[in-house]
Amino acid sequence: MPEYKRPKSPTEYAENFAPIHPLMNDTQAHYESSRCLFCYDAPCINACPTGIDIPLFIRQINSGNVTGAARTIYEANYFGHACGNVCPTEVLCEGACVYNHQDVKPIEIGRLQSYATDQVIRTDKQLFQPARPNGYKVAVIGAGPAGISCACELRMYGYEVDILEAKELPSGLTVYGVAPYKITNEEALEEMAWLEKQFGFCVYYKRPIKSRADLDQLEEQYDAIFLGIGLGNTRPMGLPGEELEGVWGATEFIEQLRLEQENAMAGQRVVVVGGGNTAMDAASESARMGAEVVGIAYRRSQAEMGAYPFEYELAKGAGVSAWFNAQPVAIHGESQVIGIRLVQTETVDGKVQQLPDSEFDLPCDMVILATGQEKQTSFLSQIHDLSLDKKGRIQVKADHQTDNPMYFAAGDAVNGGAEVVNAVAEGKKAARGIHDYLFLTKNN
Amino acid sequence: MANLFTNLAGITSPNPFWLASAPPTNSGYQIMKAFDAGWGGAVWKTLGVPVVNVSSRYGALNYRDTRMMGLNNIELITDRPLKDNLKEIEEVKKYFPKHAVIASLMVETREQWHQIVKDAENAGADGLELNFGCPHGMCERGMGSAVGQEPHVLKTIVGWVKEVATTPVIVKLTPNITDITVPAVAASQGGGDAISLINTIQSLTGVDIDNFVPYPVVDGKSTHGGYCGPAVKPIALNMVKECARHPEVKIPISGIGGIENWRDAVEHILLGASSVQVCTAVMHYGFGIIREMVAGLEQYMDEKGFQTLDEMVGRAVPNVQNWENLNLKYKVVADINADKCIGCQLCYTACDDGAHQAIGLVEGSRVPEIIEENCVGCNLCSLVCPVEDCITMVRRDDGSEDLTWAERTAAGDIPNTFNDQRGGGVGHYVPEPKEGLKKN
């Protein structure tokens with residue numbers, strides 16, 4: 001029998017997707033914060049893309065100044081709570097903790113961070129006061145980590161900020177794309193509501209910006225425009241049978257899971273194609289939805305997987321198995337998926353080569369393609385002078401200004417798809433870029 | 001095999017671990033339980049005219065994740081009738097004839113002293129401990145530390161007790177005094193058979209910063225308490241040593257203060273204690289800690305080849321000298337074991353901000369380096385280093401020279417003017433003041 005049963009109620013769903021880094025209680029936070037060494041030039045700070053002064057906030061927790069700890073966190077990272085939950089801390093701050101060098105368990109920085117931020121969110125503590133209006137207006141396209149981070153920072157400079165979001169909820173992939181056992185919808189949305197109250201930006205939901213006419217309007221009404229549009233849908237692989245019912249893009253699968261929860265579509269026998277963190281998430285989530293069999297099919301070797309080792313371990317722990325050097329060639333079925341055909345491969349000079357006569361079929365009722373997302377190039381092509389690189393990523397200068405001086409950009413649309421914490425760091429940097437542009441360049 | 005048999009001025013016990021006069025010795029039940037667990041002796045909660053206590057009574061100093069590294073209390077002496085205590089002393093002695101039961105006493109008049117001494121001895125107490133140490137509450141009434149702080153009064157009362165006592169008399173001293181040897185000498189001269197120290201230190205463990213009241217809080221008010229626990233051990237060790245090496249303190253010592261394991265006990269013994277008394281550790285962990293204490297002491301004695309405690313008592317005392325007799329030619333410097341270093345750089349920042357700028361950072365590495373010419377051998381880096389045996393102090397002089405401040409003084413070779421070129425820091429590297437800017 002599989003480890004997880006199909007959840008039939010919100011309670012069962014919550015059990016199957018129990019947080020892997022649950023919120024600390026006061027006692028846990030006290031003991032854990034006591035262990036921090038308060039390193040000089042602390043490696044954990046240097047490992048954080050947003051440069052949070054981690055030893056300081058941990059010391060603040062330990063001395064009973066949890067509000068101060070939250071302030072330290074939020075001054076560096078407006079997604080302090082989300083990042084405490086969803087950051088791959090194993091390869092960032094906690095991976096850099098000096099305790100690792102003596103095989104002592106590193107400080108649980110992520111959980112301590114969430115502990116501190118949770119307290120100010122829950123008590124609705126006012127930590128920030130936006131600056132007096134400076135007369136400029138900025139439009140932010142996309143209420144994801146980059147956009148909201150940019151908006152918060154702009155508000156601290158006195159900008160009026162309107163965020164235009166195509167979907168119904170803020171926080172981007174934090175709600176729509178992250179595995180539910182990393183952060184719950186409630187947690188993510190509570191932080192967004194708290195930020196909106198702190199900083200006073202306006203978010204307009206279900207307001208997709210699509211056409212040239214939309215852009216004309218924005219360009220006319222605002223002094224600068226920030227693009228925090230992320231990536232598009234899962235990129236089609238062009239496989240025969242890809243259109244069958246039961247074939248999902250990983251992004252779309254995870255999104256409906258986040259929104260529909262126990263009512264979400266899920267397979268009984270699932271094959272996830274891909275070797276990145278999204279593939280691990282989709283596989284682990286399928287298992288937690290009660291699938292009998294979940295297999296990851298990756299066209300290269302295990303060593304070449306893009307996923308972090310701990311993400312693969314997490315998937316394996318949920319009962320997921322994997323086929324390496326296995327590439328899909330076709331998906332079987334009439335209207336509904338009944339199987340997938342894979343071919344064995346080997347890597348020669350870095351290139352994947354299929355082995356002759358090595359095809360094999362796996363029966364399945366769901367195929368999830370976690371092979372990458374499209375860039376939103378057709379939309380972006382409508383913006384004058386905007387340059388994209390070969391991979392379709394928006395090209396920006398160090399201050400995140402695009403080749404169209406009115407447009408700034410950050411997040412996945414610029415970096416091609418990274419962590420929430422990267423988008424937050426970039427969004428904030430872009431806000432400074434906008435500020436410099438409007439106050440220094442444009443005024444002179 | 002080590003023999004832990006203990007004899008303090010004629011009071012004997014199977015091991016040197018005694019419970020100090022305090023809440024753990026409030027009743028016969030507790031002392032029976034303690035002896036059953038392995039404790040060698042107990043000093044009964046101070047007997048006298050029963051008191052009335054307040055609620056609450058304790059405050060603690062926690063250090064990060066360590067609870068109760070210091071404890072203070074405002075509890076007074078026994079609040080139980082004397083006859084109940086005497087009856088229980090008798091019963092305990094019946095069950096444990098070889099264990100030491102010492103009656104701690106605190107009364108006011110000569111007549112009361114005579115009476116209570118006789119009562120305690122009639123109940124079977126093996127010895128008496130005069131509580132001249134309690135630094136809170138009782139001292140306001142002219143007892144406890146009020147006596148311990150007045151050597152003449154102390155000597156007089158010891159004399160009163162000795163007029164009638166037939167068992168050994170221990171005089172318990174208060175540390176709330178400038179020179180502990182003054183009351184120790186008075187106790188010795190007054191005819192006391194032993195001294196015990198230290199009693200608790202006057203203290204406030206903290207303040208409720210929301211309500212502006214120190215701890216412990218009694219209905220919105222507080223009062224200073226007596227401080228004890230691991231935090232006071234260094235003070236206790238120093239005072240035990242001071243008494244142990246004083247030529248006019250001619251009586252044995254029972255060491256008290258911050259003892260919670262065998263090592264603490266060994267330290268007290270090496271500095272002159274013939275028995276040790278424990279309270280806070282029991283209040284924290286219960287009587288069961290005795291297993292670790294006895295086992296550790298036996299193991300230590302076996303490894304060191306000590307057959308009896310007498311061979312150990314005071315062994316470290318000759319190595320305590322006045323500062324002026326320390327060898328100025330002895331030179332150690334810090335050495336970092338790069339293989340063990342985890343790169344926290346606490347040694348760097350401790351030395352740069354808190355010492356002598358003798359540790360530098362190395363481009364491209366987290367492992368700091370010792371700048372040996374600047375290192376004064378202060379130990380600070382080795383103390384802050386979180387890794388076992390990573391920073392060690394390495395001897396640099398060849399041991400051939402020995403020159404003390406006293407000898408230099410005798411030879412007239414000491415700095416004696418403000419800008420004397422013989423000052424120790426002359427020529428030692430000190431960065432320019434402005435280099436301190438923008439370093440953080």
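Residue numbers begin at 1 in each chain, while the letters A, B, ... track the order of the sequences. Atoms considered below: every heavy atom in the structure, side chains included; atoms not considered: hydrogens, waters and symmetry mates. The structure displayed is predicted, hence computed values, not measured ones.
The most heavy-atom pairs under 4.5 Å with chain A, out of B/Ala350, B/Cys390, B/Pro386, come from B/Pro386.
When heavy atoms are compared at a cutoff of 4.5 Å, A/Asp41 approaches chain B by way of both its backbone and its side chain. No part of A/Ser63 comes within reach of chain B, as not one of its non-hydrogen atoms sits under 4.5 angstrom from that chain.
Atom CG of A/Asn25 sits in a crowded spot, with more than 12 heavy atoms from other residues, nucleotides or ligands closer than 6.0 Å. Within 6.0 Å of CZ in A/Arg59 there are 12 or fewer heavy atoms belonging to other residues, nucleotides or ligands. No more than 12 heavy atoms of other residues, nucleotides or ligands lie within 6.0 Å of CZ in B/Arg263, so this atom counts as exposed by the packing criterion. By the neighbour-count criterion of 12 heavy atoms within 6.0 Å, atom OH of B/Tyr63 is sparsely surrounded, having that number or fewer from other residues, nucleotides or ligands. Counting non-hydrogen atoms of neighbouring residues, nucleotides and ligands closer than 6.0 angstrom, the NZ atom of A/Lys397 exceeds 12 such neighbours. A/Arg122 CZ: more than 12 foreign heavy atoms inside a 6.0 Å radius. Counting heavy atoms of neighbouring residues, nucleotides and ligands inside a 6.0 Å radius, atom NZ of A/Lys125 does not exceed 12 of them.
A/Tyr40 places a side-chain heavy atom less than 4.5 Å from the side chain of B/Leu361. Under the 4.5 Å side-chain criterion, counting only non-hydrogen atoms from C-beta, A/Leu37 is in contact with B/Ile342.
In this structure, A/Cys39 and B/Arg366 approach most closely via the heavy-atom pair CB-NH2, 4.4 Å. For the residue pair B/Arg64 and A/Arg35, the shortest heavy atom distance occurs at NH2-C, 4.2 Å.
Paired with A/Ser34 under the rule side chain to side chain contact (heavy atoms under 4.5 Å, CB included), one option of B/Asn62, B/Thr66, B/Asp65 passes, and it is B/Asp65.
How far CZ of A/Phe38 is from SG of B/Cys344: 12.0 Å, rounded to the nearest 0.5 Å.
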